[in-house]
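Inspection log for the structure reproduced underneath, given as structure tokens.
In what follows, chains are A, B, ... by sequence order, proteins preceding strands, each numbered from 1.
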Number of protein chains: 2
Amino acid sequence: MNLTDSINRPTLHEELVERLRNLVVEDVLKPGEKVPEKQLCDSLGVSRTPLREALKVLASEGFVVLQANRGARVASVTREELENTFPVLAALEQLAGELACQQMDVAEIQRIESSHKDMLSAYEARDRQAYFKANQDIHQALIKGARNDILENHHKLLAARVRRARFLANLSDERWAQAIDEHETMMELLKARDADGLGKAMKLHMMNKLSALVKALKPEVTPR
Amino acid sequence: MNLTDSINRPTLHEELVERLRNLVVEDVLKPGEKVPEKQLCDSLGVSRTPLREALKVLASEGFVVLQANRGARVASVTREELENTFPVLAALEQLAGELACQQMDVAEIQRIESSHKDMLSAYEARDRQAYFKANQDIHQALIKGARNDILENHHKLLAARVRRARFLANLSDERWAQAIDEHETMMELLKARDADGLGKAMKLHMMNKLSALVKALKPEVTPR
DNA sequence: AAAGTTAATTATGAATTCATTATTCAGTCA
DNA sequence: TGACTGAATAATGAATTCATAATTAACTTT
């Protein structure tokens with residue numbers, strides 16, 4: 001793409017950004033919890049400098065909140081935040097759907113169809129773990145298929161935010177069935193290379209996910 | 001919104017992020033140029049630690065590129081990057097337009113109309129400086145009007161990226177006139193609170209801006 | 001003199017140190 | 001007993017130091 005980002009060997013703080021972000025997304029570090037610098041340094045075997053650099057980056061990504069002289073806390077997942085995040089994510093997925101229809105080659109679409117079938121099997125077996133995996137593979141592949149780095153980056157951050165919400169509410173049987181339906185539709189539209197249709201379907205899919213999530217949440221979920 | 005980000009006094013590295021990002025966006029630090037840590041530390045009167053923290057953040061935002069053991073370079077503005085950025089930005093503006101129609105109050109719309117008139121005056125006077133200012137105010141206000149922090153944050157970063165491109169090509173008379181027309185349309189749709197219409201108009205506005213930009217660029221613009 | 005090699009210099013990544021700000025806890029007074 | 005004050009402790013932000021990698025300069029060798 002450009003001459004300035006050719007090599008880019010992974011540096012210590014980059015590794016830390018990834019690992020810490022995972023700890024937050026995977027709910028190992030709980031929302032509202034203080035991020036104990038010293039403790040983390042010990043357990044990760046690094047000094048405070050790279051760890052703190054990583055925290056600044058995570059703060060700019062919205063996964064932690066920094067308070068001057070009071071360190072970092074894991075950002076909370078609020079209903080309001082979700083209601084803000086999903087529409088943005090939906091807009092990006094809509095764009096991804098449109099572009100993917102135009103850009104993906106046949107082999108890629110077949111690979112998605114394979115993931116789609118894995119997803120259906122997982123649904124039949126009511127295997128949540130496998131379902132989430134296949135589901136994520138599909139969305140990831142569609143994003144990749146859009147051939148747009150900027151889109152991919154921004155999507156990655158928003159998707160990670162939203163993924164944290166799965167610890168707040170369970171996937172209802174009703175929503176699960178609906179999601180499967182929506183995926184069937186998306187698959188058809190992709191194979192037909194209906195760019196506009198797939199975009200709209202993916203947007204709708206996201207917004208329905210939000211509705212289900214909000215419904216499943218207690219009246220007010222605002223963990224510290 | 002949540003309890004964890006109540007006070008947030010500005011910290012040194014935050015200031016630096018803002019200032020350095022401005023230096024990049026305002027083309028003081030040129031694309032491809034090395035970012036001289038020591039020099040900047042001296043002229044800004046800070047030590048390397050907060051400056052380097054800021055650079056990590058800017059790297060994650062895409063304004064600089066880090067190479068292990070070789071420091072930071074200002075990210076270049078390539079045609080490809082612009083062609084990737086604009087569609088994403090367009091999608092966000094579309095969403096903003098839709099939400100703004102629903103969320104803005106009458107006083108806000110009037111204030112936008114005032115900026116709109118400023119913009120028209122600037123156009124009549126062919127005052128590029130004033131035009132850019134008014135134009136940016138309008139877009140900014142529409143984003144604010146959407147009442148969505150996530151949208152605002154992501155838009156801010158993408159808009160800053162795109163703003164750098166104004167040093168690559170001049171605004172043609174033809175495009176300028178077209179942009180004014182598009183803004184007239186947008187203003188009408190906003191006043192009519194036509195959410196769908198405004199969204200589409202803003203998306204189109206962005207994509208036309210890209211077209212004009214690409215046309216004005218030399219066949220291949222890939223500054224080092 | 002030109003190309004290649006090695007030594008000196010510089011710049012960078014990361015650890016450590018230092019100064020300052022929060023926090024905790026003991027002691028005081030109502 | 002319970003709220004307030006202030007000292008002791010801990011944690012944080014930022015500067016400094018240290019080790020290493022990259023760059024530059026000097027020196028061969030032909």
Side-chain angles (χ1 to χ4, degrees), chain A residues 3-21 23-24 29-76 224, chain B residues 2-21 23-24 29-75 224:
Chain A
L3 298 175
T4 53
D5 66 301
S6 35
I7 300 166
N8 240 353
R9 191 150 51 86
T11 171
L12 189 47
H13 102 275
E14 297 246 344
E15 305 258 10
L16 286 175
V17 168
E18 288 295 326
R19 289 191 58 175
L20 291 180
R21 188 177 24 229
L23 290 181
V24 172
L29 296 172
K30 307 286 184 187
E33 217 172 60
K34 264 197 50 174
V35 181
E37 281 187 16
K38 203 140 171 254
Q39 211 167 304
L40 274 176
C41 286
D42 292 347
S43 63
L44 294 170
V46 297
S47 79
R48 281 177 63 215
T49 304
L51 185 108
R52 300 184 89 253
E53 289 170 347
L55 285 176
K56 312 287 185 204
V57 172
L58 289 174
S60 86
E61 295 178 352
F63 293 102
V64 304
V65 177
L66 301 179
Q67 289 173 291
N69 297 317
R70 301 177 63 172
R73 284 181 178 280
V74 179
S76 49
R224 174 169 351 133
Chain B
N2 71 46
L3 298 174
T4 53
D5 66 306
S6 35
I7 298 165
N8 240 354
R9 189 151 52 89
T11 170
L12 189 46
H13 102 275
E14 298 246 344
E15 306 258 12
L16 286 176
V17 169
E18 289 294 326
R19 291 192 55 175
L20 291 181
R21 195 196 294 123
L23 291 181
V24 173
L29 295 172
K30 306 287 183 188
E33 217 172 60
K34 264 199 53 178
V35 181
E37 280 187 18
K38 208 151 169 236
Q39 210 167 306
L40 275 175
C41 287
D42 291 347
S43 64
L44 294 170
V46 298
S47 78
R48 282 178 62 216
T49 305
L51 185 107
R52 301 184 88 254
E53 288 170 348
L55 285 176
K56 312 289 184 203
V57 173
L58 289 175
S60 87
E61 295 178 353
F63 293 102
V64 304
V65 177
L66 300 179
Q67 290 173 291
N69 298 317
R70 301 178 65 173
R73 283 182 178 279
V74 178
R224 171 176 359 109

Calculate the interatomic distance between [X] atom [atom1] and [N] atom [atom2]; express it in whole Å.
| X | N | atom1 | atom2 | answer |
| --- | --- | --- | --- | --- |
| R70(B) | dT12(C) | CZ | P | 11 Å |
| Q67(B) | dA21(D) | CD | P | 17 Å |
| L51(B) | dA11(C) | CG | P | 14 Å |
| L66(A) | dA11(D) | CG | C1' | 14 Å |
| L55(A) | dA14(D) | CG | C1' | 15 Å |
| K56(B) | dA14(C) | NZ | C1' | 10 Å |
| N69(B) | dA21(D) | CG | C1' | 5 Å |
| L40(B) | dA11(C) | CG | P | 13 Å |

Write out a two-atom table: protein N or O, nucleotide N or O from nucleotides 15-19 of chain C, distance below 3.5 Å.
unit_1: dA15(C); atom_1: OP2; unit_2: S47(A); atom_2: N; d: 3.0
unit_1: dA15(C); atom_1: OP2; unit_2: S47(A); atom_2: OG; d: 2.3
unit_1: dA15(C); atom_1: O5'; unit_2: S47(A); atom_2: OG; d: 3.2
unit_1: dA15(C); atom_1: N7; unit_2: T49(A); atom_2: OG1; d: 2.7
unit_1: dT16(C); atom_1: O4; unit_2: T49(A); atom_2: OG1; d: 3.3

- Task: Check whether any side-chain N or O of K34(B) sits under 4.0 Å from OP1 or OP2 of dT10(C), and answer yes or no.
- Result: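 No, because none of the side-chain N or O atoms of K34(B) sits under 4.0 Å from OP1 or OP2 of dT10(C).
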- Message: Looking at T11(A), I'd like to know whether one of its side-chain N or O atoms comes within less than 4.0 Å of OP1 or OP2 on dA14(C).
- Response: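 The answer is yes; a side-chain N or O of T11(A) sits under 4.0 Å from OP1 or OP2.
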- Task: Output the distance between atom CG (L23(A)) and atom CG (L44(A)), rounded to the nearest 0.5 Å.
- Result: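 Those atoms lie 7.5 Å apart.
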- Query: Measuring from L58(A):CG to L66(A):CG, what's the distance to the nearest 0.5 Å?
  - Reply: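 So the gap between those two atoms works out to 9.0 Å.
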- Item | Heavy-atom side-chain contact between L51(B) and L40(B) under 4.5 Å |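 L51(B) reaches L40(B) side chain to side chain.
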- Determine the sole option in K56(A), E14(A), E53(A) for which the side-chain contact (heavy atoms from CB on, under 4.5 Å) test with K56(B) is passed.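 Among K56(A), E14(A), E53(A), the one meeting side-chain contact (heavy atoms from CB on, under 4.5 Å) with K56(B) is E53(A).
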- salt bridge (Lys or Arg N to Asp or Glu O under 4.0 Å) against E37(A), all qualifying residues, sequence neighbours excluded: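 By the salt bridge (Lys or Arg N to Asp or Glu O under 4.0 Å) rule, E37(A) matches R48(A), R52(A).
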- Message: Testing the basics here: between A54(B) and H13(B), what is the closest heavy-atom pair and its distance to 0.1 Å?
- Response: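 For A54(B) versus H13(B), the nearest heavy atoms are CB-O, 4.0 Å.
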- Message: Under 4.0 Å, counting only non-hydrogen atoms across every strand here, what does E37(A) touch: a base, just sugar-phosphate, or nothing?
- Response: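 The residue E37(A) makes sugar-phosphate contact but no base contact.
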- Query: Residues in side-chain contact (heavy atoms from CB on, under 4.5 Å) with K30(A), at least two apart?
  - Reply: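 Checked K30(A) against side-chain contact (heavy atoms from CB on, under 4.5 Å); matches are D27(A), E33(A).
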